Structure formats: C-alpha cells, structure tokens
Amino acid sequence: MISKLLKHITNPKDLRKLPKEQLTELAKELREFIINIVAVKEGHLGASLGVVELTIALHYIFDTPNDLLVWDVGHQAYGHKILTGRKDVFETNRQLGGISGFPKRSESEYDAFGVGHSSTSISATLGMAIASRLKGEVNKQHIAVIGDASIASGMAFEALNHVGVSKANILIILNDNAMGIDPSVGALKNYLTNIKNNKRVRKHNIIEAFNIDYSGPIDGHNLPALLSELERLKTVNGPKFLHVITTKGKGLQKAEEDQVKYHAPGKFNAKTGELIAKYDLNQQPPKYQDVFGLTMVELAKKNEKIVGITPAMPTGSSLKFMLDQIPERAFDVGIAEQHAVTLAAGMATQGLIPFCNIYSTFLQRAYDQVIHDVALQNLPVVFCLDRAGLVGEDGATHHGVFDLAYLRCIPNLIIFAPLNELELRNIMYTAQLGLKGPIAIRYPRGMGTMQNWQQPFSTIEIGKGETIKEGSKVAILSIGTIGNKIKEVYTDNANNDVIAHYNMRFVKPLDEDLLHKIFKKFKNIITIEDGTIVGGFGSAVLAFAQQHGYKDKNIEILGIPDTFIEHGKTEELFNSIGLSVHNMKKILSLWT
C-alpha cells in the first residue's frame, strides 16, 4: 500500500514540491514500499534501505536529470528508481521483461550511466563533468555515489588521482556503511573507521591529499543535515567529497542485524524480516559454491601449500569456510580483481598453490593480469570461476557467458568445466597435486545434482573427456553442467538409442583422440554450452573439424547467441534463447 506522500510522486519534480518538513515521513513511506515489494519479488534489499534519506536529498536538492547522478554498482538504487518514474512498475524489478535491478541508460533519462560492476562511478562522472565544461555548461552538477568497499578499488583510486587535478565540477559522495556484500576490508576501511570513531577529520586527510575538498562525516539518516550540506556544496566550485555515514538495512531490524544475509535475502516476511525458506537444505544437493568452499578446507588441511584468495566475495564464493577455519591462508583482498590475480601469481612463484576464486563476470576486470602475470609466466594459479553461465535476475552485467571465449585464446591455460559436484571436487584435488601451469575451472550459480558428492578423491586426466552414452546417429558434445540438461532431453526421446552423449570436460586442451573417434563415427554432431557461441567451445570443435579435414559433417552449435542477455529467472532465459529442455528436444527431433 502506497502511503499518502509517495503516491503523489511520479518524478523528482513532484518531490521538490514537498516542504522539507515532510521529507522524513516520505523516507518512512519509501522504505516501507521497498520492503513490501522486495519481500515478495526478491532483490537487493539492505543497500537501498541504507540510502533512502540520501536518495531523497539528492533528488530534492539537485535538478536531476539535468544534473547527472551516477550510482556505483547500483545495488542501492531502488529508491532512486521509485522516485524517477518507475514506482508503478517496480514490482517487475529483475523479472523477465521488467525493469533492471541496476541503473540502465536505456531504461530512464534519470539513469545517467549503466552500472553493475564496482568502482566505475567516479571515472564516469568525471568524464561527464569534463564534457560539460567543454560544452560550456558551467552550472551543471555531476554527482557520484560510491560505497566504502567500492572506493578501495584500484579503478576508484585512478579516478580520484585524476579528479584532484581536473578542476571539474564533481561531487563524490562516500556512502560509508563499512559493508560491501560482505564486511569491507583493508587499510582504507580502517582509516575511515578511525575518522568515524574520532568524530573529526585527521590532520592529514587522504581525500584532501588528492586536492579534493572534503566535508563530513555526517549522519546519512539525518535529512536536515543532508539537505543543508548538499545545498552548501552546490555553491562550491571544483572537486568535492562528502563523507556520509549510513546503516545498511536501515529500517528493518533483521536487515540491520545481519547485513550480509540481507544484502539479497530472497523472500521474507515484510513485517518481521523473517526469511521464508525455499527448500529443505537437508533434502537438496549442495550449491556449487559450497562444494568449492568445503573442498578447499578439506584439501588445505592436508596440503599446507594451498592458499585461497577472493576479491570481496568470501560468502558468495564460500571461501568463508576457509577464512573461518584457516584464516592465515585465506585472503579477502577487497574489490580488487586485478590485485587478486597478480597476488596469486606472486604466491605461485614461491611454491604456494593459490586458488583464486572470482566470479566469471568479474574476472573480465583482470584480463591483462591473467595473460601477462599468470599465463605468460606459466604459473600454476588455480582460477575457480563461480557464477559461470546465465545467473538469472542480475542480468547482463552479471552473466558469466564470455569466459570460455576470452580464456580459450590464452596460451598455457587449461580450461575445465565440471559436469557435476564430484567432477568439481576431483579437478580441485587434481590441480593441487602439482600442475605445471594455470587452470581455469568454471561452474554455475546455484545447486548441483548430487547429494552423495563427498566421495574419496580421484584424479582427472588433463585434456580427457568421457563417454556418457553411446549412440549410432547423432553425437551431442556438452561442456559443463548443461550436460545434465542434455540427459533430460534424450532420456524421453523415442529414438534414444541413436543419440550419443559425450562430456568433453576440457575446452582447452580439447580431447582430440575422443573428437577423432566422434568425427569418424558420426555425420551429425551437436555442441552445447552455456557460454557465448562466438569464440567458445563450439568454435573450438569447428576449428578442430576444419584443421583435420572433416568436411562432410553436419555440425550445429548451441549456446548463448551474440547478444547481451537481459534479466529473468534462469530457466526463462534459457527458454528465450532456445536452450530449454523443451526447445532442445525439438531440435534433436529434427536430427533423429
């Protein structure tokens, strides 16, 4: 139920008609609106609750969209969306065909920059401010809102370094709640904590050292204070920095008490905050991330050379298990993917066995380090790429569909995709026995297929696939967990006996012995992957066929088409691109 103030606001112009005295009540209504929708529809909760007052103040004081407002990452932008014309469709947030969970330029003129990955806001906003100056728009305001975890990233520091000499009309707002998705880490976090605890700015202020005008810290839930300070900062020329202290999950007690869990809690009771269980964990297969995390602990207890690294995703990657049990050999380096990769490389030069766990979509941010610092030196770093493939409601910024293509062209790098939890466990075991070079292991978000996965370890021969099912007419070559879906496809097929299925396991090196066997036996071959068709596993098979003169074959490549896939439930997205079980049955029927 929309309360009396919020129901009359369709855009910031309506907001600015309210007297300042009513904004506190509006904040209460906006918070309730977010809670009530996210409780049912799911999404990112805690970050948006923490910036309700700041969001209202920004749109009240500044002339958006003429003044440009950029949110870093965008987890915290739900209030922004509701106040900028999307209130009536907010219940479609992150749903197929609905609005995006992140700011998106094509969705609204109020979304000045598309975001989803961390630490881009200062660079983008500075670019806008410089453009305004070149166009003579001297009164235009440019605001970047960035969190204390994101500002510790290298890209943010690169931008700050430029801001300080730019003389640009830019306001950087630090939303400091000591949290990212997990608690913030590092020396900068400690510095910010000291500022808060001392209630005053240190004599040698790090922001002022960048030649940026610093103010704060101020209470981010005190609307009068926010309004007053933002009004003042509008009159200050040049680079400005406002330090705002907020509480992630503000207004929902459970979310304030457990800020990690309530970052994106799933469904919950809007009044009490109690989570609504989706399933009985004791009756379900484990999540792949937990297979990784538990296996890491098991292996590390036996092999003292093993270390674990994650860039700010200890809970999401389940490296938290190792951080809790063997903290001296597990490292959360903050939102710093480039550093994570080269840190792992340095460790590998000294005989350690680093398992570097980075979400597939975020490894894109450290591509040069993978090539220059790891593969070129042929260092045995183990990359564990969580959230590979389609990830669902987070959409285009988070799908891990490019990794097979962008990694396949790198020399020295082994690329493995397990069919199930047991293969993930065994390739991790194999990797720590002593590979001569790097390996990338990619696996999806969510649950696996096996409950009895904690079996004794066994080695996996590098570059060798396996035959799952023999057949006589059509060969299906799958890579990774999508192979389990293929089993569903042919199990119900009336011509089951003509269909062969091969779990190729390795994209690099390909199992050429197995491929020769397949190409000599079958005229009809289908490859399937949950990575992009362009440059991926299917492309590798096509290149093999061309190289070895297999010209009379019918080869069909199934995978992610050459377009950015938007948000929706994973199965909805698979259906939309023809990779649902139903669609693949139709394709297979044409071949059998």
Side-chain angles (χ1 to χ4, degrees), residues 96 100 102 104 114 116-117 288 337 358-368 370-371 375 383-411 413-419 439-446 465 476-486 503-510 515 525-546 555-581 583-584 587:
L96 185 68
S100 170
F102 300 97
K104 188 175 181 181
H117 289 186
Y288 281 99
E337 292 86 2
I358 303 181
Y359 289 7
S360 171
T361 185
F362 297 142
L363 186 64
Q364 296 163 188
R365 297 162 65 90
Y367 192 55
D368 180 63
V370 174
I371 295 174
F383 293 106
C384 294
L385 308 188
D386 199 338
R387 272 57 168 184
L390 296 175
V391 298
E393 292 87 345
D394 280 342
T397 59
H398 281 59
H399 294 314
V401 297
F402 303 109
D403 52 9
L404 294 180
Y406 72 65
L407 293 175
R408 190 169 73 86
C409 62
I410 302 176
L413 183 64
I414 298 167
I415 306 171
F416 180 90
L419 177 69
I439 182 172
I441 306 165
R442 52 111 61 185
Y443 50 91
R445 179 183 188 180
I476 301 176
L477 283 59
S478 66
I479 190 78
T481 59
I482 200 168
N484 296 297
K485 187 177 289 188
I486 297 301
N503 171 30
M504 297 305 295
R505 288 180 169 172
F506 293 88
V507 175
K508 191 173 185 177
L510 286 170
L515 284 176
I525 297 165
I526 302 173
T527 71
I528 183 164
E529 59 199 296
D530 59 356
T532 180
I533 288 174
V534 177
F537 166 65
S539 292
V541 174
L542 276 179
F544 169 87
Q546 189 278 332
I555 304 173
E556 181 162 355
I557 299 176
L558 300 180
I560 309 300
D562 186 22
T563 186
F564 288 108
I565 308 300
E566 297 299 339
H567 49 277
K569 296 188 186 313
T570 304
E571 279 308 310
E572 292 175 332
L573 299 178
F574 274 124
N575 183 60
S576 72
I577 58 174
L579 290 183
S580 67
V581 170
N583 287 336
M584 287 192 288
I587 293 171

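In this text, all values refer to a predicted model and were calculated from it rather than measured experimentally.
- Residues forming a ring-ring contact (aromatic ring centres under 6.0 Å, His included) with F574 (at least two apart in sequence, or on another chain): none.
- The side-chain contact (heavy atoms from CB on, under 4.5 Å) search around V401 returns L390, H399, I560, not counting sequence neighbours.
- In this structure, F383 and I441 have side chains that are not in contact, with every pair of non-hydrogen atoms separated by 4.5 Å or more.
- S360 approaches D403 most closely through the heavy-atom pair OG-OD2, 2.9 Å.
- Across I410 and A375, no two heavy atoms sit closer than the pair CG2-CB, 3.4 Å.
- For the residue pair A440 and L385, the shortest heavy atom distance occurs at CB-CD1, 4.4 Å.
- A side-chain donor-acceptor contact under 3.5 Å links N583 to the backbone of N575.
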**Request:** Dump the intermediate steps for side-chain contact (heavy atoms from CB on, under 4.5 Å) on L515 and L477, then the final yes or no.
**Result:** CA-CA 9 Å; L515 284 176; L477 283 59; 3.5 Å; yes

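- Annotation: the span from L558 atom CG to I476 atom CD1 amounts to 9.0 Å, rounded to 0.5 Å.
- A 4.5 Å side-chain heavy-atom check between I479 and T527 finds every atom pair outside the cut-off.
- Smallest separation of non-hydrogen atoms from T532 and P561: OG1-O, 4.4 Å.
- Every pair passing side chain to side chain donor-acceptor pair (under 3.5 Å) that includes a residue from residues 384-396 is listed here, sequence neighbours excluded: R94-D394, Q289-R387, Y359-R387.
- Taking a cutoff of 4.0 Å between a charged side-chain nitrogen and a carboxylate oxygen, E529 and R442 do not qualify as a salt bridge.
- Using a 4.5 Å cut-off on side-chain heavy atoms (C-beta onward), T397 and T361 make no contact.
- A donor-acceptor pair shorter than 3.5 Å cannot be found between the side chains of N484 and T481.
- Under the side chain to side chain contact (heavy atoms under 4.5 Å, CB included) rule, L579 has a single partner from I528, I587, L573, which is I528.
- Proximity of I577 to I565: side-chain heavy atoms (C-beta onward) are separated by under 4.5 Å at one or more points.
- Remark: Y406 pairs with Y367 by the ring-ring contact (aromatic ring centres under 6.0 Å, His included) rule, at least two apart or across chains.
- Annotation: ring-ring contact (aromatic ring centres under 6.0 Å, His included) contacts of F416 (sequence neighbours excluded): F506.
- Looking at every heavy atom in both residues, Y443 comes nearest to P418 through CB-CG, 4.3 Å.
- You'll find the side chain of E337 stays beyond 4.5 Å of the side chain of L363, heavy atoms only.
- Residues L542 and I555 form a side-chain contact, since some pair of their non-hydrogen atoms from C-beta on lies under 4.5 Å apart.
- Remark: side-chain polar atoms of K508 are not paired, donor with acceptor, to backbone N or O of I415 under 3.5 angstrom.
- Within the 4.5 Å cutoff, the side chain of F537 has no heavy atoms near those of the S478 side chain.
- Side-chain atoms of V534 and S539, non-hydrogen and from C-beta on, never get closer than 4.5 Å to each other.
- For E556, there are no salt bridge (charged side-chain N to carboxylate O under 4.0 Å, His left out) partners two or more places apart in sequence or in a different chain.
- Taking the ring centroids of H398 and H117, they lie under the 6.0 Å cut-off.
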